[in-house]
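All values below were derived from every heavy atom in this structure, side-chain atoms included, with hydrogens, water molecules and symmetry-related copies excluded. Ligands are counted one by one from 1 in listed order, and the atoms in each one are counted from 1 as well. For this chain, numbers begin at 1 and follow the sequence in order.
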Amino acid sequence: MRIGVLGLQGDFREHLAVMSTLGAEAITVRREAELASIDGLIIPGGESSVMDKLSRTFGLAEPLKAAVASGLPVYGTCAGLIMLADTILDGMAGQQTIGGLDVSVRRNAFGSQRDSFEEDLDVPVLDGGQVHAVFIRAPVVESVGPSATPLGTLRDGRVVAVEQGNLLGTSFHPEMTHDYRFHEYFLAKARARAAG
Ligand SMILES: NC(=O)CC[C@H](N)C(=O)O
């Protein structure tokens, strides 16, 4: 099994380090050909509008859409979640997404007052208790369509983790904690895909 981490922009090196900690082979993905050799893809945090522009400049936007449509397991964190959302609210002018997750996601949903914060979340699909989540200029999942499932919510009920088949998205950054259960959850999907 081999994992790709989209390396156009953002904190992709941290995700590569998590993969190495978890004993998974991982490569940085910047070209279409690299997408063909992986069993799962992580889209890191960063700035989604820049990632969107670069993915189109590098000719990766359509191949990424095709990869999602093919059932490749993809895990998006923060900006990566925005990239996977079918609908983006408060995007930059002309900002597009890869899509695939039947959700609307609002960029920078917590405003400058709460630019970054941490909260413990209940995530019933993960064993081992609450997940300590780090949010940095984070998006929120404002509505979840019938094809997607919320996995985790803030105390106020707002959705910050979602799943839809092979797609997984979190508003927060597990790569910045030592709790890699979301990465493990994603790797299980990639392992199933690699096993064919
Ligand atoms: N930490 C992050 O990934 C921030 C996301 C960023 N605010 C965006 O709109 O893409």
Side-chain angles (χ1 to χ4, degrees), residues 3-19 26 28-30 40-58 60-61 64-65 68 74-121 123 131-144 148 150-154 156 158-163 167-183 185-186:
I3 302 301
V5 182
L6 190 63
L8 295 175
Q9 190 267 339
D11 77 335
F12 58 93
R13 291 176 194 86
E14 283 78 358
H15 287 281
L16 290 166
V18 175
M19 289 299 103
T28 308
V29 169
R30 295 198 179 95
L41 178 71
I42 295 174
I43 306 180
E47 174 45 57
S48 58
S49 58
V50 176
M51 233 180 263
D52 165 46
K53 272 203 193 111
L54 291 175
S55 70
R56 286 188 271 145
T57 305
F58 283 78
L60 266 180
L64 284 167
K65 284 181 194 169
V68 166
V74 184
Y75 175 25
T77 60
C78 203
L81 164 64
I82 297 171
M83 294 295 289
L84 284 178
D86 280 345
T87 306
I88 173 174
L89 307 167
D90 289 342
M92 299 287 276
Q95 183 172 349
Q96 299 172 27
T97 69
I98 300 162
L101 277 177
D102 183 15
V103 296
S104 311
V105 166
R106 187 174 298 281
R107 274 178 76 235
N108 302 335
F110 300 95
S112 52
Q113 297 288 305
R114 280 182 97 202
D115 226 17
S116 69
F117 63 99
E118 305 187 9
E119 193 170 314
D120 292 324
L121 312 175
V123 184
V131 171
H132 185 71
V134 176
F135 296 83
I136 301 165
R137 291 184 298 285
V140 76
V141 179
E142 210 154 276
S143 64
V144 180
L151 296 183
T153 52
L154 293 167
D156 65 11
R158 285 191 283 178
V159 176
V160 290
V162 286
E163 177 177 30
L167 304 180
L168 180 66
T170 59
S171 298
F172 49 91
H173 289 269
E175 77 284 6
M176 292 187 176
T177 68
H178 293 289
D179 183 344
Y180 301 139
R181 285 176 288 166
F182 270 102
H183 286 89
Y185 193 73
F186 155 73

Over 60° means perpendicular and under 30° means parallel, so tell me whether Phe182 and Tyr75 are parallel, tilted or perpendicular.
parallel
Those atoms of ligand 1 less than 4.0 Å from some heavy atom in Asn108:
6 (C), 7 (N), 9 (O)
Relative to ligand 1, is Ile82 under 4.0 angstrom through side chain, backbone, both or neither, heavy atoms considered?
side chain
Just say parallel, tilted or perpendicular for the rings of His15 and His183, cut-offs at 30° and 60°.
tilted
Provide the number and element of each atom of ligand 1 under 4.0 Å from a heavy atom of Gly45.
3 (O)
Compare all side-chain heavy atoms of Val141 with those of Val105 and state whether any distance is below 4.5 angstrom.
yes
Any chance you could measure Met51, atom CE, to Gln95, atom CD, to the nearest 0.5 Å?
10.0 Å
Looking only at non-hydrogen atoms, the one of Gly46, Cys78, Pro139 nearest atom 6 (C) of ligand 1 is Gly46
Cationic N near anionic O, under 4.0 Å, Asp90 to Arg107:
no
I'd like to know if Met51 contacts ligand 1, where contact means a heavy-atom distance under 4.0 Å to any ligand atom.
no
Heteroatom proximity flag, Ser48 to ligand 1, N/O under 3.5 Å
yes
Quick one: does Ile136 get an N or O within less than 3.5 Å of an N or O on ligand 1?
yes
Given side chain to side chain contact (heavy atoms under 4.5 Å, CB included), test Ile136 with Cys78 step by step and report yes or no.
CA-CA 8 Å; Ile136 301 165; Cys78 203; 5.5 Å; no
Can you check whether Leu41 reaches Leu64 side chain to side chain, under 4.5 Å on heavy atoms?
yes
Taking distance alone, with no angle check, do Arg107 and ligand 1 share an N/O pair under 3.5 Å?
yes
State the atoms of ligand 1, each with its element, that fall below the 4.0 Å cut-off from a heavy-atom position in Arg137.
4 (C), 5 (C), 6 (C), 7 (N)
